[in-house]
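Okay, so here's the structure we're looking at.
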Amino acid sequence: MPKADVLDNIFDKFLKGPTIFKNHEVLHPDYVPDYLPHRDKEVQTIGKILAPALRGYRGSNVFIYGKTGTGKTAVVRYTLDHLIRKSREIGAPIDSCYINCRLAGTDYRVLSNLCETVGIVVPFTGLATGEVFDRFRNTLEAKKIALITILDEIDALIKAHGDVLLYKLTRINENLKGSKVLLIGISNDLHFKEFLDPRVLSSLSEEEIVFHPYTAVELKDILSERAEMAFIEGSVSEGALHLCSALAASEHGDARRALDLLRVAGELAEREGASKVTEDHIKFAQKKIEEDRVAEVLKTLPLHSKLVLFSVYLMAKSKTEGVTTGDVFEVYKELCSRLMLDPLTQRRVSGLVNELDGVGILNARLVSLGRYGRTKRIHLGIPPESISEIYTSDPWVGQLMNYVLKCIQKQKK
DNA sequence: CGTCCACAGGAATGACGGGCGG
DNA sequence: CCGCCCGTCATTCCTGTGGACG
């Protein structure tokens, strides 16, 4: 059979076969639904804070904390959408601007985003940030509007570039007569306050809202709601939903995670031609998401981190309990000499171990061996099979590793 | 009870590369 | 376009430390 026919078959099967998705899109992370279960209180609170803008008062700046997947962004966007709609109805001069600070990356790009919303174009680069700020302020002043600015993931920007911009923004109203700016800061980091200048903090957190993680029960409501929209009726088992919400709840009540899980499970089910998403699909999806994450991290690891990881891997085979920093460093040095590479210092390797621990690929625990010193006890944090990712992701390193393995085996014999 | 191991991890400093601002 | 500055990664030097051993 010619190739094209085989493909046609696959496509036809896909098109005609029993699909279980009705609307795939509603499971994607940036979809904002018409109703946000279990966030009524937050929606109302933010609504009350923003409402004065409809009458031309400034209202308060708001600072929102909460871990990932607790609905911060969704609630703010939802509330703001409604506010803007209302303002159009009654003709109130309100505009809004949503900026993800982490994606924007620098002060300059945040500002250029702001400029865009007030309708002026600034060059990619070339202007001093102060100049861009002035242009923004002047244009805003001329437009005579209330601008509600959402600064999402603001902690990322502050940690990277300091709070100069934020300070300027919080004080911008002092120099404005016709217009006003209302700031909504969103942070994933609960300890973010400590990074801020007290003046900025007091101005920004005139109102503070903390978003608590969803409980398993709440997650289930969210999932049921979304599943109803996303899937054809009856194609998701009750057990699957239950498991899905339980899994996400155990991971700090992350709704995004739960929705991801459901989406991937649905895709898996559809691909294998199943008519129903089952608990097994969820379990499989959980595994797949984790594997993808690990593979992604391994792929992007710097060379010496790979070597450190590989050292731990080699030793984990023989020693089941406890590899120390010193052990790892010795093996690592040996690897380097075989590969004709300059080894890093022990200090650095110790740091790399900590970094690998941070992303969950290694488990490093500080222990004291009394008379025999203090060190870290290091284990693999992932299944050893995953290490093969290193081979596949980086052929050069893979070849070297194979070479090293052969040398070691020869020595043993 | 003091010693001393085998590191942890902070601070200062240097090399390098890339983007900002003039 | 170029110099400068800033962030990242790494090194060097350093002080700190929990607890088994003698």
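Throughout, a chain's letter reflects where its sequence line sits, starting with A, and its residues are numbered from 1. Because the structure is a prediction, the values reported are computed rather than measured.
- Distances shown here put a side-chain N or O of A/K376 below 4.0 Å from the OP1 or OP2 atom of B/dG9.
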I'd like a list of close polar pairs between nucleotides 12-17 of chain C and the protein, N/O only, cut-off under 3.5 Å.
from	atom 1	to	atom 2	distance (Å)
C/dT17	O2	A/R374	NE	3.1

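- In terms of phosphate contacts, A/T324 brings a side-chain nitrogen or oxygen within less than 4.0 Å of OP1 or OP2 of B/dC7.
- Shown are A/D152, A/T117, A/N113; of these, the side-chain hydrogen bond (donor to acceptor under 3.5 Å, both in side chains) with A/Y98 is made only by A/D152.
- Across the protein-nucleic acid pair, A/Q346 atom CD and B/dA8 atom P stand 7 Å apart, rounded to whole Å.
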Below 3.5 Å between N/O atoms, which protein atoms pair up with nucleotides 20-22 of chain C? Just atom names and distances, please.
from	atom 1	to	atom 2	distance (Å)
C/dA20	O4'	A/R371	N	3.1

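- Between A/E330 and A/K333, at least one side-chain N (NZ, or NE/NH1/NH2) sits under 4.0 Å from a carboxylate O, which counts as a salt bridge.
- In this entry the distance linking CG of A/L341 with C1' of C/dA10 reads 15 Å, nearest Å.
- When all heavy atoms are compared, the tightest approach of A/T70 to A/Y214 is O-OH, 3.5 Å.
- One finds no salt bridge joining A/K287 and A/E290 here, because no Lys/Arg side-chain nitrogen approaches an Asp/Glu carboxylate oxygen to under 4.0 Å.
- Formation of a donor-acceptor pair under 3.5 Å by the A/Y332 side chain with backbone atoms of A/L344 is found in this model.
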Side-chain donor-acceptor distances from residues 255-263 of chain A under 3.5 Å, at least two apart:
from	atom 1	to	atom 2	distance (Å)
A/D260	OD1	A/R263	NH2	2.9
A/R263	NH1	A/E267	OE2	3.4

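- The interatomic distance linking A/L111 (CG) with B/dC20 (P) rounds to 13 Å, in whole Å.
- A close approach under 4.0 Å does not occur between any side-chain nitrogen or oxygen of A/T375 and OP1 or OP2 of B/dA6.
- At distances below 3.5 Å, at least one donor-acceptor pair connects side-chain atoms of A/H281 with backbone N or O atoms of A/T278.
- Using modelled atom types, no side-chain atom of A/T149 and backbone atom of A/L183 make a donor-acceptor pair closer than 3.5 Å.
- Between A/N354 and the phosphate of B/dA8, there is no side-chain N or O to OP1/OP2 separation shorter than 4.0 Å.
- The CZ-P distance, from A/F329 to B/dA8, rounds to 11 Å in whole Å.
- Rounded to whole Å, atom P of C/dC9 lies 16 Å from atom CG of A/L307.
- Spacing between atom CZ of A/R365 and atom P of C/dG18 amounts to 16 Å, rounded to whole angstrom units.
- When the P atom of B/dA6 is taken as reference, atom CG of A/D327 falls 11 Å away, rounded to whole Å.
- A/D357 contributes a side-chain N or O that, together with a main-chain N or O of A/A364, makes up a donor-acceptor pair within less than 3.5 Å.
- One interatomic measurement links the two molecules: CZ of A/R377 to P of C/dG19, which rounds to 13 Å at whole-angstrom precision.
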